[in-house]
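Indexing begins at 1, ligand by ligand and atom by atom, following the structure's order.
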Amino acid sequence: MEANRVYNFNPGPATLPLEVLKETQAELLNFSGSGMSIMEISHRSKEYDAVHNKAKADIKELMGLGDDYDVLFIQGGASLQFAMVPMNFAINGKKGNYVLSGSFASKAYKEAEIQGVGTVAASSKENDFRNVPKQGDLKIDPNAAYLHICYNNTIYGTEYHYIPDTNGIPLIADMSSDMLSRPLDFNKFSFIYAGAQKNLGPAGVTIVVARKSFIENSPENLPTMLRYNTYSKKNSLYNTPPAFCIYMVGKVAAWLKKQGGLSVLAERNAKKAALLYDAIDNSNGFYKGHAEKDSRSFMNVTFRLPTEELEAKFIAEAKEHKLCGVKGHRSVGGLRASIYNAMPYEGVKCLTDFMEQFRTANK
Ligand SMILES: *Cc1c(COP(=O)(O)O)cnc(C)c1O
């Protein structure tokens with residue numbers, strides 16, 4: 001670790017690979033021999049075009065997707081996708097069907113409800129969102145325009161360990177906090193979206209990966225910027241894109257390829273998660289995980305201490321050990337360690353060493 005850096009467990013914006021930050025720094029004043037930074041170059045220039053298209057190609061390559069899929073860059077965060085998805089797809093009397101597995105899943109559903117097109121296929125709210133509904137719990141509307149799921153629930157620390165079988169209904173997933181963290185059969189999804197600031201880059205761009213045939217016909221009555229086919233037809237260059245964000249997402253994608261791709265990342269992420277969950281499970285009840293074991297997230301590990309006083313003390317002392325951003329979301333309380341792709345194993349090891357030390361001193 002760099003001397004003046006910390007281990008950053010923030011949920012998003014979140015830690016980025018050090019190599020990516022250094023490369024960005026080195027290129028900042030003179031990108032690709034242009035004598036300008038990437039932020040000062042025209043989005044119609046050939047230098048930017050190369051960055052834009054390479055980022056798209058690398059994301060598709062990492063996900064193992066072919067020509068029938070497109071990658072779009074959109075602004076407005078994952079939250080704008082909550083509204084755009086029903087606007088574009090829940091049309092002609094068809095509704096959007098939602099699985100409620102946490103805060104963001106519920107927010108997505110709320111946007112469909114505002115438009116009068118949301119229905120619920122399953123919910124784990126009664127269980128404080130400690131689990132992701134199982135296949136057998138899903139009551140999928142056979143006439144739905146799509147089934148919407150949130151693949152990793154950032155706040156509650158749960159994640160799908162299966163891809164729902166929808167019986168032919170297009171599957172849409174919010175993967176804001178676990179996109180590119182492990183290989184999946186992405187061909188089973190019609191539409192995937194992710195705000196970049198969790199696992200992919202800086203805030204300011206949302207990545208959409210969608211089956212081309214699913215997004216080619218957007219309703220004509222929607223404003224231009226809210227229609228997916230505006231982005232697909234114009235290669236996400238209808239208007240000025242968030243060029244610097246896309247440039248950094250491209251660097252992260254190239255870094256992931258250099259590490260060996262998603263299967264290597266998945267192995268590393270599973271090791272980090274196991275270390276942390278073992279520290280919780282082997283603490284004689286001092287640390288209590290929020291998520292049920294079979295729904296545990298590889299990305300966001302949520303847990304509680306015996307009292308809120310101890311939790312506050314833990315957060316303060318962790319900071320002294322250069323372990324930052326471990327406070328849980330206000331709606332769940334407790335602690336949360338976000339251990340995305342860019343968090344090294346050593347960072348998680350420092351955290352679990354500290355946890356053991358803290359437990360011994362305070363049990
Ligand atoms: C953070 C997050 C969001 C919200 O993203 P914004 O880009 O802030 O709108 C949505 N879904 C999930 C799963 C998230 O983690």
Which of the atoms in ligand 1, numbered in the order shown and given with their element, are less than 4.0 Å from a heavy-atom of [X]?
X: Ser176; answer: 10 (C), 11 (N), 12 (C), 13 (C), 14 (C), 15 (O)
X: Gly77; answer: 7 (O), 9 (O)
X: Thr154; answer: 12 (C), 13 (C), 14 (C), 15 (O)

Tell me whether [X] is salt-bridged to [Y], with the criterion being a basic N under 4.0 Å from an acidic carboxylate O.
X: Arg296; Y: Asp281; answer: yes
X: Arg359; Y: Glu356; answer: yes
X: Lys257; Y: Asp58; answer: yes

Protein contact to [atom] [nearest heavy atom, distance to 0.1 Å]:
atom: atom 11 (N) of ligand 1; answer: Asp174 OD2, 2.6 Å
atom: atom 9 (O) of ligand 1; answer: Ser79 OG, 2.6 Å
atom: atom 5 (O) of ligand 1; answer: Ala78 CB, 3.4 Å
atom: atom 4 (C) of ligand 1; answer: Phe104 CE2, 3.6 Å

Kindly give the heavy-atom pair with the smallest separation between [X] and [Y], and that separation in Å.
X: Asn199; Y: Ser181; value: ND2-CB, 3.8 Å
X: Leu171; Y: Pro164; value: CD2-O, 4.0 Å
X: Pro86; Y: Ala112; value: CG-CA, 3.9 Å

Practice problem: From the options Gln81, Met175, Gln197, Lys198, select the one whose nearest heavy atom is closest to atom 1 (C) of ligand 1. | Solution: Lys198
Practice problem: Would you check, one step at a time, whether the test ring pair (Phe, Tyr, Trp, His ring centres under 6.0 Å) holds for Phe186 with Tyr69? | Solution: CA-CA 10 Å; Phe186 295 106; Tyr69 278 80; 9.0 Å; no
Quiz item: Measuring from the heavy atoms of Tyr151, does anything fall under 4.0 Å of ligand 1?
Solution: no
Which part of [X] is near ligand 1, with near meaning a heavy atom under 4.0 Å away: side chain, backbone, both or neither?
X: Cys150; answer: side chain
X: Asn152; answer: backbone
X: Tyr193; answer: neither

Quiz item: Under 4.5 Å between any side-chain heavy atoms of Leu335 and Glu311, yes or no?
Solution: yes
